[in-house]
Asker: 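To start, I am sharing the structure in question, which I have written as structure tokens.
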Amino acid sequence: MGRHWLMKSEPDVFSIDDLAKAKQQTTGWDGVRNYQARNLLRDEIAVGDGVLFYHSSVEPPAVVGLARVVRAGYPDPTQFDPKSDAYDQDSKRDDPRWFSVDIAFERKLARAVTLPELRAQPALADMVLLRRGSRLSVQPVTPAEWKKIVALGDGK
DNA sequence: GCCAACGTTGGC
DNA sequence: GCCAACGTTGGC
């Protein structure tokens with residue numbers, strides 16, 4: 001079985017519904033400009049891995065759906081696009097600094113599992129998401145955490 | 001809108 | 001290599 005990840009997105013920018021409506025229900029997870037997240041995108045995240053889609057900077061923040069990795073790490077094209085907000089003039093095409101993966105919509109959870117709800121679960125106390133000051137936009141999730149959150153979202 | 005926490009940059 | 005200043009994230 002593949003591994004599991006949580007990816008944050010501001011729904012005003014790109015929501016789970018945007019993913020469901022996207023061409024082939026797939027998007028490139030681009031624009032990540034943090035080295036720790038970059039390392040995961042480049043080295044760790046594999047085709048078939050599960051993704052918890054998380055809405056950040058909204059009230060309430062919540063895990064809202066599931067996606068799947070359909071393409072493993074490749075150079076993020078936005079780093080070479082001067083018109084992109086994520087353009088990086090110092091990145092070289094033969095030595096790219098930033099990476100993307102592609103993810104495909106799987107389904108929305110029956111209901112969103114909110115951040116306060118996650119915090120209230122003893123089983124989730126060690127989640128990266130819940131750690132003080134944690135702001136990684138791509139982060140690992142354990143199989144047990146995945147199972148728990150999906151069960152909460154599906155009302156079991 | 002505020003601000004705590006964290007990451008990055010650049011002077012020295 | 002240190003660290004102050006600055007920028008960003010993201011919950012509240």
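All values below were derived from every heavy atom in this structure, side-chain atoms included, with hydrogens, water molecules and symmetry-related copies excluded.
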Asker: If we only count heavy atoms from C-beta on, is the A:Tyr54 to A:Val63 side-chain gap below 4.5 Å?
Answerer: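 The answer is yes; the side chains approach within 4.5 Å.
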
Asker: Does any non-hydrogen side-chain atom of A:Asp17 lie less than 4.5 Å from one of A:Lys108?
Answerer: yes

Asker: Considering only nitrogen or oxygen atoms on both sides, find all protein atoms under 3.5 Å from nucleotides 8-11 of chain B and state each distance.
Answerer:
none

Asker: Show me, pair by pair, the donor-acceptor contacts under 3.5 angstrom made by side chains of residues 119-129 of chain A, not counting sequence neighbours?
Answerer:
residue  : atom : partner  : partner atom : Å
A:Arg119 : NH1  : A:Leu130 : O            : 3.4

Asker: Within residues 119-133 of chain A, which residues have any heavy atom lying less than 4.0 Å from an atom of DNA chain B?
Answerer: A:Arg132, A:Gly133

Asker: Just so I know, are the side chains of A:Leu66 and A:Leu52 near enough to count as touching, which here means a heavy-atom distance under 4.5 Å?
Answerer: yes

Asker: Please name all residues satisfying salt bridge (Lys or Arg N to Asp or Glu O under 4.0 Å) with A:Glu145, sequence neighbours left out, ordered by chain then number.
Answerer: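 Checked A:Glu145 against salt bridge (Lys or Arg N to Asp or Glu O under 4.0 Å); zero matches.
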
Asker: Under 4.5 Å between any side-chain heavy atoms of A:Arg131 and A:Gln139, yes or no?
Answerer: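 Contact flag for A:Arg131/A:Gln139 side chains = no.
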
Asker: Would you please name every residue forming a salt bridge (Lys or Arg N to Asp or Glu O under 4.0 Å) with A:Lys147, sequence neighbours left out?
Answerer: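 For A:Lys147 there are no salt bridge (Lys or Arg N to Asp or Glu O under 4.0 Å) partners, ignoring immediate neighbours.
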
Asker: Hey, are A:Arg33 and A:Asp85 close enough for a salt bridge, meaning a charged N less than 4.0 Å from a carboxylate O?
Answerer: no

Asker: Give a yes or no on this: more than 12 heavy atoms of other residues, nucleotides or ligands lie within 6.0 Å of atom CD of A:Gln25.
Answerer: yes

Asker: Does any residue of residues 57-64 of chain A have a heavy atom under 4.0 Å from DNA chain C, and if so, which ones, in number order?
Answerer: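 Only A:Ser57, A:Pro61 qualify.
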
Asker: Does one side chain, of A:Asp76 or A:Thr78, offer a donor that lies under 3.5 Å from an acceptor on the other?
Answerer: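 Present: a donor and an acceptor within the cut-off.
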
